[in-house]
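Chain A is the first sequence line, chain B the second, and so forth, proteins listed ahead of strands; every chain is numbered from 1. Side chains included, hydrogens not; waters and symmetry mates left out as well; all remaining heavy atoms used.
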2 protein chains.
Amino acid sequence: MKCPYCGEPDTRVLDSRATQDSSAIRRRRQCVSCANRFTTMEKIEEEPLVVIKRDGRRELFDHGKILKGLLLAGQKRNIPLSRWEELVGELELELRSSYVKEVPADSIGDIILKKLRKIDEVAYVRFASVFRQFPDVEAFKAELDEILKETGEEGQEPG
Amino acid sequence: MKCPYCGEPDTRVLDSRATQDSSAIRRRRQCVSCANRFTTMEKIEEEPLVVIKRDGRRELFDHGKILKGLLLAGQKRNIPLSRWEELVGELELELRSSYVKEVPADSIGDIILKKLRKIDEVAYVRFASVFRQFPDVEAFKAELDEILKETGEEGQEPG
DNA sequence: TCTTTACACACAATATATTGTGGTTTATAA
DNA sequence: TTATAAACCACAATATATTGTGTGTAAAGA
């Protein structure tokens, strides 16, 4: 590992610790030549995860894009950014473990909705209104009624 | 290091190799639980390198910004992208090894010009015309004359 | 098509990173 | 102001990653 100060490739590890969620390893290194110290991170080199859109076109799975959608749905709902990032993390893990390489966009939407519902119902409805592309106010209202009907059974998985 | 497929934190290294320029280490890992394999990269966690602009304001050193400037200066000069990336890499190494944490923008410009001149004189002049903010055509021409005068003594450092 | 380059895979010997423990400092939150 | 969390530091015992060597394959360029 090349030293960022002098460019020599010979450096030694002084300390190495996994990050809290074990998604990366932080190492403290020291250059054998100039004795300067620096920090490195070992992270997963993303294997491409392809999303199949409704029109059949493919594109790469994009953290940021999904996060943006969640942030929009969660406006003024006072939910920390970290909660959304966590959700996206769970989502990706779920996708990678269940599917192989390509995932229909609708499956992603369904997973998000399932998770979102347990976090915030307002955000859930907002997200659904975009994702399901409700054709009119009636369809929107129907979804709301559905939720209100089930609100009593908190924490229950709907059949 | 958490497995991206099943989420278990216990994974083993199968193979590890430095990249060509030794700026990173690629590891091939295998999950102890699900036996899936994946690739990781250990890279330097950038320590912030601050640029002091002419007006005194500070901002973070930005690879991309400099690369863009070089690309612009090198338009139609048929120089591979990799050459510019290499230049930016050398620049950053130089900055980190000579200065401490903060570098005047002008020093950066000077280093770039010095390197640029050895690569392509047209790109050099274009870059200089922006960086030195030549006030008029005369100043521009003076710089060109300067270069033409020294063109014979190839590879020589100007006094 | 042929060549080159990059990545994946396997194996064995040895050097080196890891891990726990514990202390310090710094920044952020309460 | 006082907690709390991260990052940094040190040390020692041991497990684990590294390295060379070599094969195969797929992608990219000539």
* Same cluster (ILVMFWY, side-chain, under 4.5 Å), A/I119 and A/L113 -> yes

* To do: Using modelled atom types only, decide if a donor and an acceptor are shared between the side chain of A/Q30 and the backbone of A/A35 within a distance under 3.5 Å.
  => yes

* Structure fact -> Rounded to whole Å, CG of A/N36 lies from P of D/dC9 at a distance of 11 Å

* Under 3.5 Å: donor-acceptor pair, side chain of A/T11, backbone of A/M1 -> yes

* Asked: Can you list the residues that meet the side-chain hydrogen bond (donor to acceptor under 3.5 Å, both in side chains) rule with A/D106, with sequence neighbours excluded?
  -> A/R54

* Who are the side-chain hydrogen bond (donor to acceptor under 3.5 Å, both in side chains) partners of B/K65, not counting sequence neighbours? -> B/E59

* Hey, is A/E45 close enough to B/R26 for a salt bridge, meaning N to O under 4.0 Å? -> no

* **Qualifying residues under side-chain hydrogen bond (donor to acceptor under 3.5 Å, both in side chains), relative to B/R126, sequence neighbours excluded** => none

* Side-chain (B/T19) to main-chain (B/A24) donor-acceptor, under 3.5 angstrom -> yes

* Asked: To the nearest 0.5 Å, what is the distance between CZ (B/F61) and CG (B/L91)?
  -> 4.5 Å

* Is any side-chain nitrogen or oxygen of A/R37 closer than 4.0 Å to OP1 or OP2 of D/dC8? -> no

* Terminal contacting nucleotides, 5' and 3', DNA chain C versus chain A (heavy atom, 4.0 Å) -> C/dT16 to C/dT21

* Above 12 or not: heavy atoms from other molecules or residues under 6.0 Å from NZ of B/K43? -> no

* **Helical bend (five base pairs per end, nearest 10°) for the helix from C/dT1-D/dA30 to C/dG22-D/dC9** => 80°

* Name every residue in residues 9-21 of chain B that has at least one heavy atom under 4.0 Å from any atom of DNA chain C, in order of residue number, or write none if there are no such residues. => B/D15, B/R17, B/Q20

